[in-house]
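What you are looking at is a predicted structure, and each value in this text was computed from that prediction instead of being measured.
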Amino acid sequence: GDGTLGYVSSVSRAVSAKASAADPGLNEAIKTLTGGEVYTIARVSCFKDNIVPRGDGSLSIRTNSGYKWRDEADLRWMNPSIPAARQYVTELCRELAELGFDEILLDDSGWPVRGHLEYIKIGEAYDPENLTEAVESFYQELRAALEETEVTLAIAVEATALSEEGDKSGQTAQLLGQYADKVYVLGAERVGESEEALAAGGFLGDVVYVDPAVGLTGAGENVAMKQ
């Protein structure tokens with residue numbers, strides 16, 4: 001979630017924020033890997049990003065006092081309701097598809113659910129009663145950007161988002177059913193409830209259940225392309 005990239009990006013915001021990797025030979029090495037027989041997964045921490053909001057506060061989730069909000073790990077987040085924040089992540093994912101990854105795994109692709117959420121300034125940029133709209137806009141825009149590629153779009157979600165109560169992420173089973181090819185559920189102890197919710201949301205793809213103690217870093221051979 002610190003925002004650093006595991007490849008060399010040509011996206012101007014990544015370059016100006018110094019988020020891009022510096023090794024000029026890195027992308028060719030990645031293409032060698034993705035061009036082989038191994039199934040490759042690029043993991044992307046979408047809106048949890050400590051670097052970009054540090055340089056451009058206009059993209060940040062804000063506190064009631066006007067500061068850049070930080071989560072329980074003291075990391076900043078970009079605001080999913082801001083089009084430029086969504087565009088930035090979308091452009092990065094497009095680059096990863098062009099690098100030849102078989103799958104892009106979205107982590108932190110909704111609103112934060114941990115930390116002092118009560119400190120977040122409520123208003124047009126953060127409406128607790130309508131958190132799904134910005135998340136759907138992001139998934140919709142990303143789907144359109146990846147339309148001409150063959151990459152599998154996987155989305156990680158906490159099991160609590162699929163519960164009857166839901167959570168504060170803005171993610172829903174219906175959104176996953178509409179936009180995800182594959183879903184990673186963090187919270188393997190709630191398999192039955194999650195399966196029912198995903199089925200009700202119309203999701204028909206593969207589901208991977210992940211032990212939260214292990215996290216996505218231990219969920220198969222995925223590589224962090226955006227920390």
Pairwise ring-ring contact (aromatic ring centres under 6.0 Å, His included) hits with a residue in residues 7-64, at least two apart: Phe47-Phe138

Neighbour count >12 (heavy atoms, 6.0 Å) for atom CD, Glu148: no

Nearest non-hydrogen partners of Pro53 and Ser60, listed with the distance: CB-CB, 3.9 Å

Non-hydrogen side-chain atoms of Leu117 and Tyr119 separated by less than 4.5 Å: no

Beyond-backbone contact of Leu59 with Tyr88, side-chain heavy atoms, under 4.5 angstrom: no

Side chain to side chain contact (heavy atoms under 4.5 Å, CB included) between Val135 and Leu175, intermediate numbers included: CA-CA 9 Å; Val135 179; Leu175 288 185; 4.0 Å; yes

Note: Arg143-Glu147 ion pair, threshold 4.0 Å (strictly below): no

Close side-chain approach of Ser9 and Leu92, heavy atoms under 4.5 Å: yes

Single-linkage hydrophobic cluster, 4.5 Å side-chain cutoff, Leu176 and Val151 together: yes

Distance in Å, Cys93 SG paired with Glu98 CD, rounded so as to fall on 0.5 Å steps: 11.5 Å

Crowding at NZ, Lys68 (>12 non-hydrogen neighbours, <6.0 Å): yes

Atom of Thr149, atom of Ala97 and distance for their closest heavy-atom approach: CG2-CB, 4.0 Å

Arg62 to Gly57 - nearest heavy-atom pair and separation: NH2-O, 3.2 Å

Cluster overlap Ile51 with Ile82, hydrophobic side-chain contacts below 4.5 Å: no

Ionic contact status for Asp2 with Arg54, cut-off 4.0 Å: no

Non-hydrogen side-chain atoms of Asn50 and Arg70 separated by less than 4.5 Å: yes

With sequence neighbours excluded, residues passing salt bridge (Lys or Arg N to Asp or Glu O under 4.0 Å) with Asp107: none

Approximate separation, where rounding is to 0.5 Å, of Lys182 NZ and Ile155 CD1: 12.5 Å

Within one Ile-Leu-Val-Met-Phe-Trp-Tyr cluster: Val207 and Val191, side-chain cutoff 4.5 Å: yes

Exercise: do Gln174 and Gln178 side chains pair donor with acceptor under 3.5 Å: no

Distance in Å, Arg43 CZ paired with Met225 CE, rounded so as to fall on 0.5 Å steps: 9.5 Å

Rounded distance [0.5 Å steps], OG1 in Thr40 versus CD1 in Ile104: 10.0 Å

ring-ring contact (aromatic ring centres under 6.0 Å, His included): pairs with one or both residues in residues 147-180, sequence neighbours excluded: none

Enclosure of Glu124 CD (heavy-atom neighbours >12, cutoff 6.0 Å): no

Modelled atom types, side-chain donor and acceptor of Gln227 and Ser45, under 3.5 Å: no

Residue pair Ile41 / Asp102, side-chain heavy-atom distance below 4.5 Å: no

Shortest non-hydrogen contact between Gly100 and Thr34, atoms and distance: O-CB, 3.3 Å

Spacing of Leu5 atom CG and Ser20 atom OG [to the nearest 0.5 Å]: 5.5 Å

Val208/Val183 under side chain to side chain contact (heavy atoms under 4.5 Å, CB included): CA gap, chis, key distance, verdict: CA-CA 6 Å; Val208 178; Val183 171; over 6 Å; no

Heavy-atom check, side chain of Phe101 versus side chain of Thr152, under 4.5 Å: no

Heavy-atom side-chain contact between Leu96 and Lys226 under 4.5 Å: no

Test side-chain contact (heavy atoms from CB on, under 4.5 Å) applied to Ser65 - qualifying residues, sequence neighbours left out: Thr63, Tyr67

From CD (Glu28) to CG (Leu33), nearest 0.5 Å: 12.5 Å

Any residue meeting side-chain hydrogen bond (donor to acceptor under 3.5 Å, both in side chains) with Glu133, in chain and number order, not counting sequence neighbours: Asn130

Pair Glu141 + Arg86, salt bridge at N-O below 4.0 Å: yes

Working for side chain to side chain donor-acceptor pair (under 3.5 Å), residues Gln171 and Ser109: CA-CA 8 Å; Gln171 295 173 301; Ser109 65; 3.2 Å; yes

Pair Asp49, Trp77: side-chain N/O donor-acceptor within cut-off below 3.5 Å: no

By side-chain contact (heavy atoms from CB on, under 4.5 Å) - contacts of Ala145 (at least two apart): Thr90

Residues Leu198, Leu162; criterion side chain to side chain contact (heavy atoms under 4.5 Å, CB included); working and verdict: CA-CA 7 Å; Leu198 288 169; Leu162 301 175; 4.0 Å; yes

Heavy-atom closest contact (Cys46 atom, Val89 atom, distance): O-CG2, 3.5 Å

Any donor-acceptor N or O pair under 3.5 Å, side chains Thr160, Glu165: no

Val113-Val185 co-clustered via ILVMFWY side chain contacts under 4.5 Å: no

Side-chain donor-acceptor contact under 3.5 Å, Glu158 with Ser169: no

Nearest heavy-atom neighbours spanning Ala125 and Trp111: O-CH2, 3.2 Å

Derivation of the side chain to side chain contact (heavy atoms under 4.5 Å, CB included) call for Met78 and Ile61: CA-CA 6 Å; Met78 293 191 295; Ile61 293 178; over 6 Å; no

Presence of salt bridge, Asp56 and Arg13, under 4.0 angstrom: yes

Pairwise side-chain contact, Leu131 with Ser81, heavy-atom cut-off 4.5 Å (strictly under): no

